[in-house]
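Residue numbers start from 1 in every chain, and the chains themselves are labelled A, B, ... in the order their sequence lines are given, proteins ahead of strands. This structure is a prediction, so every number in the text was calculated from the model and none was measured.
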There are 2 protein chains.
Amino acid sequence: MDIFTTMQDERGRLSQSEIRIADIVLNDFEFAVNASIIELAGKADVSPPTVTRFCRRLGCESFSDFKVQLARTAYVGMRYLKPEPKSIAPADVAQDIITKAQNALFLLHRGLDVAAIEQAANRLADAEMIYAFGSGGNSSMIASEIQNRLFRLGLRITSSSDHSMQLMMAAAAKPTDVLIGSSFSGRNAELVRAFTLAREAKVPTIALTQSGSPVAHVADITVPIDLPEGDNIYRPTSTRIAYLAVLDILASLVAYRLRPQATVILRRIKQQLVTHRDGDDRQLLGD
Amino acid sequence: MDIFTTMQDERGRLSQSEIRIADIVLNDFEFAVNASIIELAGKADVSPPTVTRFCRRLGCESFSDFKVQLARTAYVGMRYLKPEPKSIAPADVAQDIITKAQNALFLLHRGLDVAAIEQAANRLADAEMIYAFGSGGNSSMIASEIQNRLFRLGLRITSSSDHSMQLMMAAAAKPTDVLIGSSFSGRNAELVRAFTLAREAKVPTIALTQSGSPVAHVADITVPIDLPEGDNIYRPTSTRIAYLAVLDILASLVAYRLRPQATVILRRIKQQLVTHRDGDDRQLLGD
DNA sequence: GATTCCTGCAAATTATTTTCTTGATACGTT
DNA sequence: AACGTATCAAGAAAATAATTTGCAGGAATC
């Protein structure tokens with residue numbers, strides 16, 4: 001696990017001096033990464049040995065090991081990101097957006113429920129028919145993306161962003177089918193209704209959403225995607241990127257699950273696309 | 001700039017001993033990050049001072065500074081990523097996909113032509129009407145995403161993934177309008193045709209594509225998005241994530257450019273959304 | 001009141017860097 | 001072509017700096 005999480009988890013068990021060190025590291029981390037043990041000790045008003053002991057307690061070999069671990073998760077992850085970029089200069093805006101996207105992926109990975117994804121992948125692989133639901137600019141894109149990824153694996157699938165259609169499809173689905181729905185906020189009331197309907201008819205449901213949300217409650221399998229509030233509201237792109245990544249994982253697992261030999265075939269197709277490529281973008285569809 | 005690029009750029013100017021050090025670092029970088037200067041020197045069959053000099057030459061303050069820099073870009077970026085995950089165990093697949101996505105963002109950032117994006121943003125902000133083009137599963141999504149992001153800023157915009165429509169639109173466009181098109185491969189012949197048509201009519205064109213590609217050649221402004229081949233073919237998601245990030249940057253710059261005060265209003269709208277949120281995903285559209 | 005744990009000091013150890021020197025190579029001069 | 005000089009690489013050893021360990025005093029807790 002990464003050093004930041006450890007630091008937060010252990011915080012309660014740390015002594016006063018150690019908490020001071022932790023706070024300095026967390027707040028001024030550029031400093032911490034470049035400082036020597038003496039400088040860091042000086043800033044925290046403790047002696048160098050205390051810093052060494054602090055590092056040990058966090059599971060590091062030594063102070064330099066600590067710095068390396070720190071630098072490792074420094075580039076992305078667990079940073080206190082400001083809601084706005086440093087300035088509106090193009091370079092800063094770019095940096096800000098890319099860092100946030102990377103952070104979203106980092107946080108996604110940290111909180112990823114792999115078991116749930118695996119379970120979902122297995123259900124999808126065995127489904128006779130799949131219905132993918134999602135509404136609103138973001139989730140509707142995810143829904144069609146689910147279709148996009150899964151139909152290529154030979155699965156029967158359709159997607160809809162239309163509430164009425166979703167309800168009708170949910171009513172038409174059989175227990176051997178699967179419903180999969182996405183909701184960034186988890187508060188999509190219509191999706192909850194469709195899932196409830198499905199549940200009554202014993203149709204398995206999979207939700208890609210925030211854990212603990214209404215949508216999560218009514219789904220059989222929830223693949224939780226929990227990102228800090230800020231990211232959701234201020235910049236939907238980073239959340240969307242996280243969803244796309246989850247989808248990618250899900251689709252890959254389904255592919256592996258479906259037929260081990262399929263990956264070989266798939267690779268051959270890809271290879272062929274590489275060799276004679278003078279067409280257009282649609283080549284990439286063969287992914 | 002990152003230490004890996006520097007190492008590759010400087011390689012020619014390094015001495016024999018230094019090249020040996022560089023190779024060890026590049027190949028076994030877990031080792032390099034954890035090793036002391038003596039261990040690293042020993043493995044490279046050089047003396048510790050040589051290692052120090054090597055670090056200095058690369059622009060680092062000291063050996064420990066070098067290690068920090070190394071660890072920083074170790075988590076993501078410039079890694080020799082295997083085309084396939086370690087195993088098909090779900091956790092490994094997840095790790096593989098997320099790492100690749102983060103790497104794509106890293107590489108995107110490294111190669112980002114900020115000036116081109118800024119130029120493109122300015123053009124879009126001043127356009128009387130915008131036409132967003134893209135075909136194939138990937139670029140068509142990008143095209144509608146462009147529309148999605150820009151219409152909220154009060155711009156007049158439409159998107160199309162239909163070749164015939166694209167041609168007709170290109171023909172109908174005026175020099176005060178802007179055409180913006182996306183092509184992952186840069187080999188979308190129809191897009192090239194549409195752009196050529198636009199050029200003849202003096203309609204400004206912006207391309208989001210691979211630099212040096214046919215599409216890039218016919219566009220007035222090219223925002224280059226160059227990622228290693230492997231990523232494009234084997235896993236379109238990471239490329240798509242890069243495109244989404246670029247789009248996010250572009251849209252943000254347009255927003256800032258359009259009206260500085262708009263950001264204030266936008267923030268107020270967001271705040272309001274946060275306070276009474278019991279609806280569904282579509283709230284997030286207000287991003 | 002005793003125990004435990006934190007903490008800093010000083011010493012010891014270790015790591016890193018500087019300085020100095022040697023050896024090699026390249027270049028210019030005779 | 002041969003010699004001398006300049007330049008650079010690279011290691012040895014010394015100096016310096018950083019880090020860790022051992023120990024002892026002191027605070028907090030039970």
Subject >> Whole-Å gap separating C1' (dT7(C)) and CG (Asp45(A)) >> reply: 13 Å
Subject >> CD (Glu39(B)) with more than 12 external heavy atoms under 6.0 Å >> reply: yes
Original post:
Any side-chain N or O of Thr50(B) less than 4.0 Å from the OP1 or OP2 oxygen of dA10(D)?
Top reply: no
Original post:
Should the pair Tyr243(A) and Phe184(A) be assigned to parallel (<30°), tilted (30 to 60°) or perpendicular (>60°) ring geometry?
Top reply: parallel
Original post:
Salt-bridged, Glu30(A) to Arg72(B), with N to O below 4.0 Å?
Top reply: yes
**OP:** In whole angstrom, give the distance that lies between atom CD1 of Ile19(A) and atom P of dC6(C).
**Re:** 11 Å
**OP:** Write down the distance between CD (Glu18(A)) and C1' (dT7(C)), rounded to a whole number of angstrom.
**Re:** 10 Å
Original post:
Distance check: side-chain N/O of Arg57(B) vs OP1/OP2 of dA10(D), anything under 4.0 Å?
Top reply: no
**OP:** Starting at atom CD of Gln16(A), determine the distance to atom P of dG8(C), rounded to an integer number of angstrom.
**Re:** 12 Å
Original post:
So which nucleotide from dT16(C), dA18(D), dT19(C) ends up closest to the side chain of Arg53(B)?
Top reply: dT19(C)
Original post:
What do you reckon, are the aromatic ring centroids of Phe66(B) and Phe54(B) less than 6.0 Å apart?
Top reply: yes
Subject >> Between P of dA9(D) and CZ of Arg13(B), the distance in whole Å >> reply: 13 Å
**OP:** Mind calculating the distance between CD1 (Ile21(B)) and C1' (dT16(C)) to the nearest angstrom?
**Re:** 14 Å
Original post:
Does Arg56(A) make a side-chain N or O approach to OP1 or OP2 of dT21(D) shorter than 4.0 Å?
Top reply: yes
**OP:** Looking at every strand, decide which applies to Asp65(A) at a 4.0 Å heavy-atom threshold: base, sugar-phosphate, or nothing.
**Re:** nothing
Original post:
How is Val46(B) classified with respect to the nucleic acid when contacts are heavy atoms under 4.0 Å: base, sugar-phosphate, or nothing?
Top reply: sugar-phosphate
**OP:** State which of dA10(C), dT16(C), dT19(D) makes the closest approach to the side chain of Ile37(B).
**Re:** dT16(C)
Original post:
Are any of Ser15(B)'s side-chain N or O atoms less than 4.0 Å away from OP1 or OP2 of dA10(D)?
Top reply: yes
Original post:
Would you say Ser62(A) reaches dT20(D)'s phosphate, i.e. side-chain N/O to OP1/OP2 under 4.0 Å?
Top reply: yes
Subject >> Ring centres under 6.0 angstrom apart (Phe29(B), Phe4(B)) >> reply: yes
**OP:** State whether Ser36(A) places a side-chain N or O below 4.0 Å from either non-bridging phosphate oxygen (OP1 or OP2) of dA17(D).
**Re:** no
Original post:
Quick one: Phe66(A) CZ to dT19(D) P, roughly how many Å, whole number?
Top reply: 12 Å
Original post:
Of the nucleotides dA15(C), dT7(C), dT19(D), which has the atom closest to the Ile38(A) side chain?
Top reply: dT19(D)
Subject >> Residue-phosphate contact under 4.0 Å: Ser47(A) side-chain N/O, dT7(C) OP1/OP2 >> reply: no
**OP:** Nearest whole angstrom, please: distance from the P of dT14(C) to the CZ of Phe63(A).
**Re:** 19 Å
